[in-house]
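Below is one structure; the comments refer to it alone.
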Amino acid sequence: MNPPLRLSPEVAEARVAGRPIVALESTIVTHGMPHPANVETARAVEAAVRAGGAVPATIAVEGGVIEVGLSDARLAALATARDVRKLSRADLAVALSEGWTGSTTVAATMIAARLAGIAVFATGGIGGVHRGAETSFDISADLEELAQTPVTVVASGAKAILDLPKTLEALETRGVPVIAYGQDALPAFWSRDSGLAAPLRLDTAEAIARAHLMRARLGLPGGQLVANPVPTEAEIAAAEIAPHIDSALQAAAKEGVSAKEVTPFLLGRVLAATEGRSLATNVALVRDNARVAAAIAVALARLTAAERGAAAS
Ligand code: PSU
Ligand code: MN
């Protein structure tokens, strides 16, 4: 029995033709940004993928079916819907067997992308090890998914509300390549430099595509995390954002925020404290990640076609 998965006509055609496709998630729309910035960003991100020569495939769960490639009407409906479920790896099967509707996190979007045969995915920042995880045990399922599912995820690193050194360690333990794009430093979501060195660095989309294919040849499960720094003109310096993150964390502790609520709560607090600047930065970085993901998908389609040609001759 096949999983309940529906590709939009455009995505299905691109799949058959071997054209480049970039998966996009929907939790950033339902839980990561306020309306109307969320739907405007989703549209701008899809446009950035198209401008880069790839087909965008925004992913969500609707009535118990994983939809790969949302129409604009569906995207708009999701962006204004209230109390949408945030679906991660742990929720996906129940959501589908119960016929629910919800948005997909990085982890769930990776699962859906793999099922749909899509190798490249763009988002803002992955989830990771939360500060205080030594007592809360709050570690995002995104890390486990990167260890298991062969999708290259382009993000601006992990969100800076997290414990970035612990997140790097957790990724290393799980064998996930963390590849800074075009610089040595690990980016920190709103800032270009986390003060930590990235374990790996590659400077071209083609090199990232080659590494993706090599993992498959080695039979290694899991994906790659490409950490693309936010464009300079949109950056908020780490020292400037740090006190806002600290107050957001204090508020979360005081209000007893836990589990799935933590990340949306912290992002919302930082947005309010920076009077929307953090949102503008978030929008800019997701768009740029979509541009880079499209370039990787284009390189991957070209290399895959060349490999097929060589195998056939
Ligand atoms: N990137 C953003 N904003 C977001 C997210 C990513 O710029 O809101 C979402 C992704 O869906 C990611 C989730 O999987 O935040 C992490 O949630 P948690 O920490 O609960 O695993
Ligand atoms: Mn969590």
Side-chain angles (χ1 to χ4, degrees), residues 23-35 37-42 44-45 58-61 78-79 84-92 102-113 121-146 149 151 153-164 166-167 170-171 187-191 223 225-230 234 236 241 245 248-249 252 257-271 278-290 293:
L24 301 164
E25 57 140 318
S26 45
T27 293
I28 188 168
V29 177
T30 57
H31 293 74
M33 292 183 186
H35 189 268
N38 59 353
V39 63
E40 288 163 9
T41 304
V45 165
T58 303
I59 293 175
V61 171
L78 202 60
V84 184
R85 290 177 199 263
K86 171 180 166 184
L87 305 174
S88 192
R89 162 175 269 261
D91 315 293
L92 200 53
S103 59
T104 50
T105 65
V106 168
T109 305
M110 287 179 75
I111 294 170
F121 162 27
T123 184
I126 63 158
V129 180
H130 280 268
R131 302 190 198 181
E134 58 275 27
T135 51
S136 71
F137 279 44
D138 190 349
I139 302 176
S140 176
D142 293 355
L143 302 186
E144 298 295 340
E145 208 56 57
L146 278 160
T149 302
V151 173
V153 179
V154 184
S156 298
K159 287 187 272 280
I161 52 172
L162 300 165
D163 186 321
L164 295 183
K166 287 195 183 74
T167 300
L171 286 163
F189 198 65
W190 298 291
S191 324
L225 176 61
V226 176
N228 176 43
V230 60
I236 305 177
I241 200 92
I245 295 174
L249 288 163
V257 180
S258 68
K260 284 171 187 277
E261 313 300 323
V262 175
T263 296
F265 178 90
L266 294 175
L267 289 177
R269 281 291 172 137
V270 173
L271 185 155
S278 69
L279 175 60
T281 301
N282 198 347
V283 173
L285 66 86
V286 192
R287 279 174 61 172
D288 202 59
N289 294 341

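All values below were derived from every heavy atom in this structure, side-chain atoms included, with hydrogens, water molecules and symmetry-related copies excluded. Order of appearance sets the numbers: ligands from 1, and atoms from 1 within every ligand.
Expressed to the nearest 0.5 Å, how far OG1 of T281 lies from CD1 of I236 amounts to 3.5 Å. Note: M110 CE to T149 OG1 = 5.0 Å, rounded to the nearest 0.5 Å.
Within the 4.0 Å heavy-atom criterion, neither part of T109 lies near ligand 1. Both the backbone and the side chain of T105 come within 4.0 Å of ligand 1, counting heavy atoms alone. Both the backbone and the side chain of V106 come within 4.0 Å of ligand 1, judged by heavy-atom distances. Contacts between L267 and ligand 1, counted as non-hydrogen atom pairs separated by less than 4.0 Å, involve the side chain only. The part of H130 lying near ligand 1 is the side chain, judged by heavy-atom distances below 4.0 Å.
The protein heavy atom nearest to atom 2 (C) of ligand 1 is I28 CD1, 3.4 Å. The nearest heavy-atom contact from the protein to atom 19 (O) of ligand 1 is T263 OG1, 2.7 Å. In terms of protein heavy atoms, atom 11 (O) of ligand 1 is closest to E25 OE1, 2.7 Å.
Atom numbering of ligand 1 starts at 1 in the shown order; those under 4.0 Å from a heavy atom of N282 are 7 (O). Close approach of ligand 1 to F189 is summarised as follows: ligand atoms under 4.0 Å from at least one heavy atom of the residue are 7 (O). Distances below 4.0 Å separate heavy atoms of K86 from the following atoms of ligand 1: 17 (O), 18 (P), 20 (O). Atoms of ligand 1 lying under 4.0 Å from at least one heavy atom of G32, given by number and element, are 8 (O). Near T123, meaning under 4.0 Å from one of its heavy atoms, ligand 1 places the atoms 1 (N), 6 (C).
Looking at S156 and N289, their side chains do bring a donor and an acceptor atom within 3.5 Å of each other. A donor and an acceptor atom, one from each side chain of S26 and S103, are nowhere located under 3.5 Å apart.
Assignment of K159 to the shell around ligand 1 is supported, since a heavy atom sits closer than 4.0 Å. In this structure, H31 does not count as a contact residue of ligand 1, since none of its heavy atoms falls inside 4.0 Å of the ligand.
As for D138, its N/O/S atom nearest the Mn ion (ligand 2) is the one called OD1.
Nearest to atom 21 (O) of ligand 1 by heavy atom, out of G128, S140, G125, is S140.
Nearest approach of A122 to A290, heavy atoms of both residues: CB-CA, 3.8 Å. Residue V230 comes nearest to S191 through the heavy atom pair CG1-C, 4.0 Å, listed as atom of the first residue, atom of the second, then distance.
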Let me see the working for R85 and T30 under side-chain contact (heavy atoms from CB on, under 4.5 Å), right down to the final yes or no.
-> CA-CA 9 Å; R85 290 177 199 263; T30 57; over 6 Å; no

Could you give me the CA-CA distance, side-chain angles and deciding distance for N38 and I28, then say whether side-chain contact (heavy atoms from CB on, under 4.5 Å) is met?
-> CA-CA 7 Å; N38 59 353; I28 188 168; over 6 Å; no

Could you go step by step and tell me if R131 and L249 meet the side-chain contact (heavy atoms from CB on, under 4.5 Å) rule?
-> CA-CA 9 Å; R131 302 190 198 181; L249 288 163; 3.6 Å; yes

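Remark: the backbone N or O of K86 is paired with a side-chain donor or acceptor of K260 at under 3.5 angstrom.
The pair D142-K159 does not count as a salt bridge, with every side-chain nitrogen at least 4.0 angstrom from each carboxylate oxygen.
Looking at T104 next to ligand 1, no N or O pair under 3.5 Å apart turns up. Note: an N/O pair closer than 3.5 Å links D142 and ligand 1 by distance alone.
Contact of the V106 side chain with the E145 side chain is not registered, since no non-hydrogen atoms from C-beta on lie closer than 4.5 Å.
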